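Down below is the structure, laid out as structure tokens.
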Amino acid sequence: MAKPTPLSGFPELLPAQRYVEQQVVATLARTFELHGFANVETRAVEPLDQLLRKGDTSKEVYVLRRLQEDDSSKDKGIGLHFDLTVPFARFVLENAGKLEFPFRRYQIQKVWRGERPQEGRFREFTQADIDIVGRDTLPFHHDVEVARVMLEALGRLDFLPGFRLQVNNRKLIQGFYAGLGVTGEGIDEVMRLVDKLDKLPAEKVRELLLTEAGVSEDQADKALALATIRASDDSFVKQVRDLGVSHELLDEGLDELATLVRACAPLTTERTRIEADLSIARGLDYYTGTVFETRLDGYESLGSICSGGRYDALASDGRTTYPGVGISLGLSRLLVTLVQRGVLTADRSVPSVVLVAVTDEESRAEADAIATALRAREIPCEVAPTAAKFGKQIRHAERRGIPYVWFRQDDGTSEVKDIRSGNQVAADPATWQPPNEDLRPQVVTTIDEGESK
RNA sequence: GUGGGUAUAGCUCAGCUGGUAGAGCGCUGCGUUGUGGUCGCAGAUGUCGCGGGUUCGAGUCCCGUUACUCACCCCA
């Protein structure tokens, strides 16, 4: 078989890199559970009409088909899910009778999108979501809660670069535009154009506002002025007020956003910041209030690594609606990028902390016994694959990053060597203990205090 | 979906106006005969992405194709 080539957009990690990913998943899960979020796994597929509802055809869905299928025409079809929010909404409706509300869950799974891959953008990738849904109503303090939980989770990943959680509120934007006299579809159009500010210069956006959205010069200027406002505290409220626009919805949005920023402030550090950024709008989808995006320091070109928001009407069975708020972390976008650039990895490619050397094949049983004794005390180890020269066996350990090599002497005593320092000391498999920091692989990073990229 | 770029050793890449393929790193061995890393010496490795064309002769030029990749769109 010829050497296979990688499939674009379907990233695979080497063992050391995968270890980093597993550590991140474990940290996220632990943090989410600390806050009472239960885990759920939904099936990989949803009926196509579920995936495509809301006229959201922009998502490229992978469709599932049987190879031996004779006639697919009458089948309504199923496709792989492209996020975890839509399947979750379906799951809530399906199990509404068995769930307790407000229901909080976290979900860490693969999702698929048939888009053209690019750095940080894949066709198969992992998301980590937390959501809280209520029945009929869901108090605003849950918006604050999901932000705080994600802030805490990211903060615990101390080997990552710093990041900035950017927050805004759709009510604030929509109320502001309504107060300006923009109506109906114009509001969404203005929002969509202003959202391009990070790509296009303000001049260009202003021009588009006039031509495409058909707003007045004054309206365009005010909309742009609003979008330039950003603050790490609630000082943005005064800045918005100073623009002289008033509307009921605007007041509500301002109030919510200010509450959110104030409530998150105590959790922020130099590495983990929150910022009200009034240019954030998040596509057009189903968001109705709070919206989140997250930028990684030094990797701004990746786009948002963690986004979400408030959706008041995503799940509804006609009689009852289930408003929710959630936030979704792009695990692959974050990790695959850092790992492939070589800034994140583990200090060894195997879990073993000890390689038990084999003197000759006749004494392999003794080496196995030593390994068994170490494992009985939760010390991961492996026995050398061949009775090669000791130099080779040490090299075998070195290449895998295994820090210790165990030698059994002919008289039955043992010595263990730290191959990093060269120190070799007498040791007993029944009592020897490696330092705690050596027991498991460590995530190592080349990120310094300064910026990378 | 639109528009660029690239494809040569395990990896990163060089290879001029066409003349049967190279470097660095890595790998194997030896120096050092059962304790690695440094150093020195020696050695192995290629359907030049695939298919066709031009030519006495193609890694090199032409056409096609596939894969990868970058930007746009969009998003985690």
Side-chain angles (χ1 to χ4, degrees), chain A residues 1-11 14 24 28 56-61 81-86 107-130 150 154 163 192 195-196 198-200 280-285 287 291-296 299 301-309 326-337 340 342 355 357-361 363 384 386-410 415-425:
Chain A
M1 187 170 116
K3 184 182 175 181
T5 57
L7 244 191
S8 175
F10 293 84
L14 293 169
V24 170
L28 293 175
D56 192 0
T57 50
S58 61
K59 299 275 196 314
E60 276 290 345
V61 173
H81 57 219
F82 53 78
D83 71 7
L84 300 177
T85 308
V86 169
Q107 201 170 336
I108 302 174
Q109 286 180 238
K110 288 271 172 68
V111 306
W112 295 266
R113 292 184 194 174
E115 297 170 345
R116 187 96 69 169
Q118 241 171 83
E119 178 172 60
R121 177 207 224 176
F122 310 101
R123 297 198 279 204
E124 176 181 75
F125 59 100
T126 303
Q127 288 191 321
D129 279 36
I130 52 174
M150 197 52 93
L154 282 167
F163 59 89
R192 193 180 61 81
D195 196 44
K196 290 180 184 293
D198 55 339
K199 295 261 182 172
L200 298 173
I280 302 294
R282 306 252 62 232
L284 278 180
D285 294 312
Y287 296 113
V291 287
F292 304 105
E293 287 197 4
T294 310
R295 322 309 285 203
L296 244 207
Y299 299 87
S301 63
L302 271 187
S304 175
I305 52 130
C306 183
S307 338
I327 186 161
S328 169
L329 172 70
L331 197 66
S332 304
R333 171 166 288 185
L334 184 65
L335 274 173
V336 173
T337 310
Q340 282 179 349
L355 175 76
V358 175
T359 308
D360 46 50
E361 285 304 329
S363 68
T386 64
K389 288 199 275 192
F390 285 156
K392 288 253 188 74
Q393 298 194 39
I394 290 171
R395 199 170 63 181
H396 174 96
E398 204 227 339
R399 292 194 176 160
R400 289 161 178 75
I402 301 172
Y404 296 94
V405 178
W406 191 285
F407 297 101
R408 181 183 181 277
Q409 330 279 26
D410 288 337
E415 292 190 351
V416 66
K417 175 179 184 131
D418 181 337
I419 64 173
R420 297 161 299 188
S421 63
N423 286 343
Q424 186 164 331
V425 297

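Fair warning: this is a prediction, and the values are worked out from it, not measured in the lab. Letters go in sequence order (proteins before strands), and every chain restarts at 1.
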Enumerate the protein-to-nucleotides 44-47 of chain B contacts in which both atoms are nitrogen or oxygen and the separation is below 3.5 Å.
none

Check nucleotides 37-41 of chain B against the protein and report each pair of N or O atoms closer than 3.5 Å, with its distance, or say if there are none.
from	atom 1	to	atom 2	distance (Å)
B/G37	N2	A/Ile419	O	3.4
B/G37	N2	A/Arg420	O	3.4

Task: Shortest non-hydrogen contact from A/Leu355 toward A/Ile402 - done: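 The pair with the smallest heavy-atom distance is N-CG2, 3.6 Å.
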
TODO: Mind listing the closest non-hydrogen atom pair of A/Thr294 and A/Cys306 along with its distance?
DONE: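 That closest heavy-atom pairing would be OG1-O, 2.7 Å.
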
Rounded distance (Å) that lies between atom [atom2] of [N] and atom [atom1] of [X]:
X: A/Glu415; N: B/G36; atom1: CD; atom2: P; value: 15 Å
X: A/Asp83; N: B/C75; atom1: CG; atom2: C1'; value: 11 Å
X: A/Lys389; N: B/U28; atom1: NZ; atom2: P; value: 13 Å
X: A/Lys392; N: B/U33; atom1: NZ; atom2: C1'; value: 12 Å
X: A/Ile305; N: B/C75; atom1: CD1; atom2: P; value: 17 Å
X: A/Asp360; N: B/U35; atom1: CG; atom2: C1'; value: 16 Å
X: A/Gln393; N: B/G36; atom1: CD; atom2: C1'; value: 11 Å
X: A/Leu296; N: B/C75; atom1: CG; atom2: C1'; value: 16 Å

- [ ] For a side chain to side chain donor-acceptor pair (under 3.5 Å) with A/His396, tell me which candidate from A/Lys392, A/Arg399, A/Gln393, A/Arg400 qualifies.
- [x]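 The residue from A/Lys392, A/Arg399, A/Gln393, A/Arg400 that satisfies side chain to side chain donor-acceptor pair (under 3.5 Å) with A/His396 turns out to be A/Arg400.
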
- [ ] Go through the N and O atoms of the side chain of A/Glu119 and the base of B/U69, and report whether any donor-acceptor pair is under 3.5 Å.
- [x]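 For A/Glu119, whose side chain was compared with the base of B/U69, there is no donor-acceptor pair (under 3.5 Å).
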
Task: salt bridge (charged side-chain N to carboxylate O under 4.0 Å, His left out) involving A/Arg420 - partner list, sequence neighbours excluded - done: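 Testing A/Arg420 for salt bridge (charged side-chain N to carboxylate O under 4.0 Å, His left out), a comparison that skips the adjacent residues, returns A/Asp418, A/Asp438.
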
Open item on the list: How long is the straight-line distance from CD1 of A/Ile305 back to CG of A/Leu331, given to the nearest 0.5 Å?
Closed with: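 Here the interatomic distance stands at 10.0 Å.
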
- [ ] Select from A/Arg123 and A/Arg295 the residue whose nearest nucleotide in RNA chain B is closer to the 5' end of that strand.
- [x]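 That would be A/Arg123.
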
Open item on the list: Nearest heavy atom decides the nucleotide; on that basis, is A/Gly9 or A/Phe125 closer to the 5' end of RNA chain B?
Closed with: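 The residue closer to the strand's 5' end, by nearest nucleotide, is A/Gly9.
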
Task: Side chain to side chain, A/Glu293 and A/Arg295, heavy atoms closer than 4.5 Å - done: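 A/Glu293 vs A/Arg295: side chains touch.
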
Task: Check: A/Val86 and A/His81 side chains under 4.5 Å, non-hydrogen atoms - done: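 No, side chains not in contact.
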
Task: Stems formed with participation of RNA chain B [Watson-Crick or G-U wobble, under 3.5 Å, three or more pairs] - done: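 Listed by first number, the stems are B:1-7 with B:66-72, B:10-13 with B:22-25, B:27-31 with B:39-43, B:49-53 with B:61-65.
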
Protein-nucleotides 4-13 of chain B N/O pairs closer than 3.5 Å?
from	atom 1	to	atom 2	distance (Å)
B/G10	O3'	A/Lys3	NZ	3.4
B/C11	OP1	A/Lys3	NZ	3.2

Task: Spacing of the C1' atoms in B/G29 and B/A7 (rounded, Å) - done: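 Between the two C1' atoms, the distance is 34 Å.
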
TODO: Applying side-chain contact (heavy atoms from CB on, under 4.5 Å), name anything that partners A/Ser328, two or more places apart in sequence or on another chain.
DONE: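 Per chain and number, A/Ser328 pairs via side-chain contact (heavy atoms from CB on, under 4.5 Å) with A/Gln127, A/Asp129.
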
Open item on the list: Please determine whether the number of non-hydrogen atoms from other residues, nucleotides or ligands lying under 6.0 Å from atom CG of A/Asp360 exceeds 12.
Closed with: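 Enclosed: over 12 neighbouring heavy atoms sit under 6.0 Å from CG of A/Asp360.
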
